Structures are given as structure tokens and as C-alpha cells.
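Single-structure report; data block below.
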Amino acid sequence: MIIEHCKVYGSWHHAHIQILIQKMLKAKNLILAGVKSVTLHDEGTVELWDLSSNFVFSENDLGKNRAVASVSKLQELNNAVLVLSLTTKLTKEQLSNFQAVVFTEVSLEKAVEFNDYCHSHQPPIAFIKTEVRGLFGSVFCDFGPEFTVVDVDGEEPHTGIIASISNDNPALVSCVDDERLEFQDGDLVVFSEVHGMKELNDGKPRKIKNARAYSFTLEEDTTNYGAYEKGGIVTQSKQPQVLNFKPLREALNDPGEFLLSDFSKFDRPPLLHLAFQALDKFISEIGRFPVAGSEEDAHKFISIANNINGNLGDGRLEDVNPKLLQQFAFGARAVLNPMAAMFGGIVGQEVVKACSGKFHPLFQFFYFDSVESLPTEPLHPDDLKPINSRYDAQISVFGQKLQKKFEDAKVFVVGSGALGCEFLKNLALMGVSCGGQGKLTVTDDDVIEKSNLSRQFLFRDWNIGQAKSTVAASAAASINPQLNIEALQNRVSSETENVFHDTFWENLSIVINALDNVNARLYVDQRCLYFQKPLLESGTLGAKCNTQMVIPHLTENYGASRDPPEKQAPMCTVHSFPHNIDHCLTWARSEFEGLLEKTPAEVNAYLSNPSEYTNAMKNAGDAQARDNLERVLECLDKEKCEAFEDCIIWARLKFEDYFANRVKQLAYTFPEDAATSTGAPFWSAPKRFPRPLQFSSSDPSHLQFLMAASILRAETFGIPTPDWVKNPTKLAVVVDRMIVPDFQPKKDAKIVTDEKATSLSTASVDDAVVIDDLIVKLERLRSNLPPGFRMKPIQFEKDDDTNYHMDVIAGLANMRARNYSIPEVDKLKAKFIAGRIIPAIATSTAMATGLVCLELYKALDGGHKLEDYRNTFANLALPLFSMAEPVPAKVIKHQDLSWTVWDRWIIKDNPTLRELLDWLKEKGLNAYSISCGSCLLFNSMFPRHKERMDKKVVDLARDIAKMEIPSYRRHIDVVVACEDDDDNDIDIPQVSIYFR
């Protein structure tokens, strides 16, 4: 998407301050988003203070103009975006060249002046003002008197498959129970493909009410409409929304409703609205920011705030909260990296909204604070003084002691993709693991792909194909040369516990997940639970993001609650009865892998060891083995694939098979008027009756599929691709000469209709005989093959637009969609669905990591209570911010003992079984069963087990459970079933037996 020019400004004539971090982070997200141009304005120079919050600056940039020093590094992020700098005094007239402007440092007086110009300009210029002051931040948006939002949430329109419509006033519409409806009262919907009640197929949006899971009421009289017969799709119709923004001059005195982020702070936004105005007045009067730790400056600031509040009349606040205002004043000069990252994400998304009209803008003020991130111990003013360090801004808020904890922390970042890159940047700027005792370990087993570059900003074009973790670690070290970082290329799993062993986990201070799949998250969660390490979890999905804090002995763990698994379409639906494009693309991806990856791999498996392969097929003796052999046989018939023209014939026959013959067979087996055993129509919703396609060389989509499929078929055989095949006219001439045999449907064809079926292969009593016959034919064909013949399996690669993979998949899916009258999709949409791409954008990623790093302050400081931590769900599209305390860990009590899922009972000195039982008895627990892995070491019901009482538990694990204990392992874990003296079962923690 190309977006018009955007401009990012920020300079304050009173003082040189660390404002470029906000501009640079916002600029980073906009450049990654792909706007047309970004102009950076600043009249100040780079100072040491800037280095703790701006990833583009280094010590070599000290004294240079900040905008000029930023341009070259920001330009590297996206060569398609023009990055410019402006270093002279800003005038209103200069704004007329831009569609959006962002002010990060400007007095209220100048902001009002600039905003008036933008608001009244024709067309209006989107104006955003944002500030980050220590642990406090603000955003103000004004997109003009009348701003049209084309799509308020960015979600795909919800749809439903109609089951019935009543002839009533109002009419009741019922939908099939395949999926729950997502409609809401007041939504507008459009009907299509309705049989019988054709009056609804006019494309007119209609309002609904009484929306339920599978039905809704239509505000329309259908009494005299035709009677509903069958079919029909109902689709949500999104309507544009016009917003009337107030200029800043009016909004300051009449802010309207503030966007709330934390319901425990519902009274906070009006106070922060006052605080930011008081800070503006303080700077205009004193000529500088309040000094961190200065009681005198804080008193002056609070006095100004009280004076402003006193003049508010009916809008006066009852409580101005002097303690909070003092915290605001102390940190006012500092721009903290996590806050800048968070607000960079928010504002970056607002700029995109202003330029595109997609997503609902922030309307109009948003205030946020994270004072809970402050240390639990009181800070002495001397601890906040600058020490001529790159971390002085952070020290001015958190003090030198906490900074030392950051620097000596041992951190494990799991993953270095979109989230991982942002985390590494943040940690480097914060000084985490940058001290003599600190160490940051990052691991990722993936390599960089071209598609990563739009959001994983530490990577460049020349890094494609290199290990993500290595490149990201190197880039992070260039941001802060003091960073002690080690990059690994290991997947974190049970298979790599020789790398990530007990000592590794025990030495960690904290773990930060930057993963993209649930199974890996669950494994890391179990490791953190076991070793009692804090885990900071986050994830993104498009404009949405969430964070979860997993803190030992305070919160529940990540695996304690999880989302329900995604609903999978039944196999028979995907293969014979699709009713949406997702089904078609799932089928297309499956066919691609079967034809071009699995079948060539089967051929190579057979050729590598024919006797072993054929014996395996004989032993299986089922329909799947028969199908495997038939596919291998078809590939080894070299007479059918010696030249490229043979590949074209193959592709043409596949077209006929997929989109004509199979459909004809399905319609023959189940005619359009077929009924089920109960007498109901077989082709009732959600099933759609298919129509066969007639191949035409004049249809570009038909030719494109044939070209792509024949090229990939040739690739599997190592046949060169001639240039003429890419010429549609020449390809059409070749194809039109081909004679395709007529198809006759089979009377006894079996088509799977059972939604619970797990295989589409139909078994036969003759399978064993057929398999023997196929093996004989295979052996005969193998003897005619050239020596060393092997096929080349093709693994699906979605990101290479020149490899024809997505051309084949999109072609397969869209032809199939055409069979079933399902709307087709373009190649990009097909790539997202078939490539199983989880959409990630820079703005939500930046916000998520910023929020997590605000929690990192708390976790590394230690001593914070449960109510100090925050889990967050945010949707930048709406926008919505929802913060809440984490769920506490469940506490189990027994006598005077209590424990949670975080506890692990440790017994040292290599105890015997008797000593273990006695140790538990002292706690009022009677152990009746002890197991290690899946093996029972002790059960009180078995008399012979008493012979084991004086043996070491570790020896029992070796001898009975046959446990192989690695040299790096110092303990084993056993699961003990216990009961109290009243025979009540007691669920106790896992027990670890240390033998070294």
C-alpha cells in the first residue's frame, strides 16, 4: 500500500532534549509500513542522554544534528520509502505538502498554532501530538472537521450460510450451525444466492436485530415475498463512518471522553490531562524540565497544577494526587525506551489510519502511565543524578541501583523474529545484560526470508538466508557495544536439553518469549515453572497484541489457561464439499504437497531401497499403501515424462481430472435432487452443488495454471523449462492440439461423506492382490530407468514470487472455487491463507514489546506485588487497550503448609526410598505411590516393593525405569501420590531428588 507523504516533527527551542527517540521509533514503524516519504525535523544535536532511547544513534553521532544523523540508518529499513531531514526553523506553510504531521516535542502554544493551520487546511492535514515523560505518555489526534473511516475494525466481513427465512414481519433468518454467527444488533447485511425468496438478492444492505448464535431478525416485511427454498449467503455490510474532530484549542478545555486503558485507574486521565498542561507551563516559566529528585521543582510543578485546576470551574478535580504529580515531575525529562516503543506503535498506527482511512482513529486524547514500574524501595535524590552514562535518562527515573540490576541480569530471549528484534533493541538500549556479570542469550533455529524485512527491522536485504539469531545479535550489539550477547540456533525443546540444561536455566534471571507457536510457548512455560523463573509472554495478530506476565509464586503460569483449538474442517468437506475459499486453499495446499513433494519423496524412498519399501507396502496392505504405489508407478513411467511437452500433457490431464471429471463423478453419485436416508435434500446448506469446468485456452487463469503446474512438474524430473512456455499464445497452440479422453462416471464409485472420517482412501478386499501387481510393474519400470535416477521433491515456499508455487496453489484453489460458485481470491490473499501466515505489523509489535519491558522493570527489581503487574490486550485498529492484574496462582493448603504450581520440593543428599517416605511423613503425608516417568518405583499395595526401601531412589530409576541420566543432570524428578491421615488425597508438588 502506498501512502502519501508523512512528516514527523519535534524540536523545542528551550532546551536540547531526548525527543528523537519518539520520532525515530514512530518513523521506524512508518518506514516499515511503506509510506511514500517520511521527513524528520529537528534543530538539536545528539547528546549522550539520547543513547538510552534511540537505536539509530551511537557515540560517533554525538554533536551531530539528530535528524541528519538518523536519515541513513532509517533509510536502510525500506528503500522504497524516501527519508528526508529538515533542520531549519519550522513554519506553518511547510506543513501544506504533507498529509499527516506528528509533533513529539512542541509547546502547547505552538501546537495550537500548528493544529489550527492543519485543521482549517483544505484538505485537512492529520495532526498528531504525542509526548513521553518518564513513565507517563499522551497522544492527541485531530484528523479534521470531517474524517471518513472506510473500515472501522479491519476485520473480514462476517458471513453466515442460510438454512431458512420466514415469510413474516419481521422475518426470522436461521443459519446452519456450522459456525456461530458474529453479527451484532444494528449490523447491516447483504443477501446473495437465495433460492425462492429472490427479492433479497438485490444487493441492498438490510438492518438486523435480535442477533443470536445461529439466527437473527430482519427488519423487513417478507410476508409477500417468494417462499424460501434453499441456499443463500448473508454477509455483513460495513458502512463508512464520519468523525468530527475538534481542534486542540477546543479539546484542551473540552476533552470529551478519554480513551481508558486500565479500569483500576478510571480517574487517572483527567489528572494526566492536567499534568501535561502543568509541565508545559513549568517549562515556559522556568526554561527547563523539573530536575529528577528535586523537591523544590516538584513543589513548583504541583503548585502550577493546582493553579490550573483552580481555574477549571465545574471541571475542577477534587484530588490532584500530589504523590503522582511528584512522580510525574521527577521523570519528566526522561524518555524511556519501553514507553517510546509503546507510543511509537500507537502513533505509527494512527498515522496509517490518517492516510488510509482504515481502522478507527484514536478520538481524541489518550493518557497512560506505568508508575507501578517504579522500584518498591524509596529512591534517594542522589541515586537519580546523572553519572555521565548512556543510561542517565533511565537512571533519572529508576536510580543507579536498579540500573546495576539491569546490567547484571542474565536474560534468555526465545526467538528473534518480529518480537525478538524489538526485544533485543529494547534490551540493548535499556542496558540489560550490559554489565560485567550480565549475559543475554538469544536462540532461533530459523533463517531470514524476504517477507521478514517488513517487520523484523534488524534484518536487511543482504541478510536473507542467514541465521536470524546471529544477525539479530550482531545488530543489537551495534546498538550498544556493551551488550554481552550470545546467539544460538537451537530450537528450545525436550530434544535440546543438553544445550539448555539445568545449570543454564538455574542461572537465568528472567525469560522473555518471542515465539510464534503455542507448543513452544508451553514448553518454555514448563521450564520456567520448573526452575521458578519469571516468564514475560507476548504475541501479536495483525493490529492486535497481548502480553502476559508469569511471575513465580504470584501468577498462574501460561499453560494454566489456553484458547480452545481452532476448528478444523472435516476431511470430506475439504475434498468434496467445500463451501468457502479456506476449504479450497486447504485442499490446494494438500494437493501441491502430495503431487510435488510427497510423491517424489516416495519415489526416492523406493529407488533408494526397493525391497525394503515394497515389503513395507505389503505389510501395510491397505488402501493408503495401494495409493502410494500407484503414484510412484505413475512417476516412473518415463515414457509419460521425457520432455517438457509431457509435463504440459500431465498438467492438462490434471486440470481435467480435478475440475471436470471429479465433479462429474460427484454429481453422478449425488445428483442435484439427491436425498439422504432420512429424506432430506443431500445438497442442503452448507453443501454447494458443483458444476464442472470446460477448459479454454482463451481463459488466462486456465493457461496460467497449466504453465505453472507443468514448470514445477518438469522441475521434479530435472527437465529444463523452455522459454516459449511462458508465452501464452505459444502455450495455447500446444495445448489446443491435445486430445483429452472422454470421461464416463463410475456407478460403483465410493465418495466419503462421513465428517468423522480420517482417510479418503476406500479399502478393498482386493488391496493385497492389487499391491502385488503394482510391485511387479514397478520392478519392470525400475529396470528401464537411467542409473542413479532420482526425483527432486519441491517444498512449498510462499515468499519467492518467481518459483510458481503460489501460482499453482492459487490456480488450484480458484478453479475449485469456480466449481462450487465460491468467490475467488487474488494471489496475495491466497498466500496468507495457504501459507498459514500469521499477520504481523511493526506497530503492534512495537507496542507489545514496550509493554513487556515496562513489566521487565518490575520483574528485575523484585519485591513487586501481584497488583503491580499488568497483563494487556490491545487492538490498535479500534483502538482498544485493556489492562488488568494477572490471575493469581492457585494455593493448595495442608495443615500448616501451603504451595502453588510454582513449588517444587527438593530433597538433597541422594536419599533412599525409605528416607523419601520418612521425609514426606514428617509433613503429615503418607505416600502410597511413587513413579518416575511412566514406571512405578513404589506402591504400598505391592509387598515386593518393600524390598526396595533401602535402595537409593536414583538407583531405582536407573534399574527399574531404565532411565538414562545424562552427565549434566544432577537430579531426577518423581511424582508422588499422597494422602493425609484421614485418607484424603493430597495433590503435592513435583519432588526432585538430587544425587550429585
Side-chain angles (χ1 to χ4, degrees), residues 502 505-506 522 525-535 550-562 863 865-867 885-963 965 969-996:
D502 294 3
W505 288 98
E506 288 167 351
L522 289 171
D525 175 57
Q526 285 302 308
R527 293 280 86 189
C528 290
L529 197 64
Y530 187 87
F531 291 100
Q532 303 181 19
K533 301 298 177 182
L535 171 63
V550 180
I551 309 298
H553 307 292
L554 289 182
T555 74
E556 68 174 10
N557 62 307
Y558 172 80
S561 58
R562 65 181 74 175
K865 299 178 181 178
L866 178 73
E867 54 265 29
E885 294 176 18
V887 177
K890 180 183 177 182
V891 178
I892 298 173
K893 294 184 178 181
H894 168 69
Q895 296 180 356
D896 58 346
L897 298 174
S898 64
W899 58 84
T900 70
V901 68
W902 285 99
D903 288 287
R904 177 165 58 104
W905 287 351
I906 295 174
I907 307 177
K908 297 185 177 181
D909 301 325
N910 200 11
T912 63
L913 179 58
R914 188 187 305 278
E915 288 169 339
L916 171 59
L917 295 173
D918 290 344
W919 185 83
L920 292 166
K921 185 67 176 175
E922 291 174 1
K923 299 178 181 294
L925 297 166
N926 304 310
Y928 59 84
S929 176
I930 300 174
S931 58
C932 181
S934 60
C935 188
L936 192 63
L937 302 185
F938 168 77
N939 190 294
S940 59
M941 298 288 291
F942 300 161
R944 291 188 60 184
H945 282 194
K946 293 181 180 179
E947 299 171 5
R948 304 173 179 176
M949 297 295 283
D950 295 316
K951 291 186 177 181
K952 300 288 188 181
V953 177
V954 66
D955 292 334
L956 292 175
R958 286 193 181 103
D959 298 341
I960 299 170
K962 306 301 181 187
M963 176 177 281
I965 303 174
R969 181 63 50 79
R970 297 183 292 122
H971 71 275
I972 62 168
D973 298 314
V974 295
V975 176
V976 184
C978 293
E979 56 189 15
D980 60 17
D981 292 335
D982 295 325
D983 297 335
N984 299 309
D985 279 337
I986 306 295
D987 188 13
I988 72 168
Q990 192 172 48
V991 177
S992 293
I993 310 293
Y994 277 75
F995 53 87
R996 289 180 184 150

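Predicted model only: the values in this text are computed from it and were never measured. Reckoned from all heavy atoms, side chains included, excluding hydrogens, waters and symmetry mates.
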Checking side-chain contact (heavy atoms from CB on, under 4.5 Å) for the pair Leu936/His945: CA distance, chi angles, key distance, verdict? CA-CA 10 Å; Leu936 192 63; His945 282 194; 4.2 Å; yes

Near [X] [atom1], under 6.0 Å, is it more than 12 heavy atoms from other residues, nucleotides or ligands?
X	atom1	result
Asp985	CG	yes
Lys923	NZ	yes
Arg944	CZ	no

Could you check Leu920 against Ile988 for side-chain contact (heavy atoms from CB on, under 4.5 Å), going step by step and ending with a plain yes or no? CA-CA 10 Å; Leu920 292 166; Ile988 72 168; 4.2 Å; yes

Would you say the side-chain atoms of [X] pair up with the backbone N or O of [Y], donor to acceptor, closer than 3.5 Å?
X	Y	answer
Asp903	Pro989	no
Asp982	Asn984	no
Arg904	Tyr530	yes
Asn557	Leu529	no
Arg969	Asp502	no
His894	Gly924	yes

Using side-chain hydrogen bond (donor to acceptor under 3.5 Å, both in side chains) as the criterion, list what pairs up with Glu556, not counting sequence neighbours.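 Partners of Glu556 by the side-chain hydrogen bond (donor to acceptor under 3.5 Å, both in side chains) criterion, ordered by chain and then number, come out as Ser561.
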
So which atom in [X] and which in [Y] form the shortest heavy-atom distance, rounded to 0.1 Å?
X	Y	value
Trp919	Ile907	CE3-CD1, 3.4 Å
Thr555	Ala889	O-CB, 3.4 Å
Met941	Asn939	N-OD1, 2.8 Å
Ala961	Cys932	CB-O, 4.0 Å
Thr900	Val891	CG2-CG2, 3.9 Å

If we only count heavy atoms from C-beta on, is the [X] to [Y] side-chain gap below 4.5 Å?
X	Y	value
Trp899	Asp987	no
Cys528	Pro534	no
Val991	Leu916	yes

Sidechain N-carboxylate O distance under 4.0 Å for Lys921, Asp918: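 A salt bridge is absent here (no side-chain N lies under 4.0 Å from a carboxylate O).
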
To the nearest 0.5 Å, how far apart are [atom1] in [X] and [atom2] in [Y]?
X	Y	atom1	atom2	answer
Asp955	Ile960	CG	CD1	10.0 Å
Ile930	Cys978	CD1	SG	7.5 Å
Ile993	Leu937	CD1	CG	10.0 Å
Asn910	Lys952	CG	NZ	4.5 Å
Phe938	Met949	CZ	CE	5.5 Å
Asp525	Arg527	CG	CZ	11.0 Å

Can you say whether the rings of Tyr994 and His971 are parallel (under 30°), tilted (30 to 60°) or perpendicular (over 60°)? parallel

Member of Asp909, Val953, Ile965 meeting the side-chain contact (heavy atoms from CB on, under 4.5 Å) criterion with Phe995: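 That would be Ile965; it is the only one of Asp909, Val953, Ile965 passing the side-chain contact (heavy atoms from CB on, under 4.5 Å) with Phe995.
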
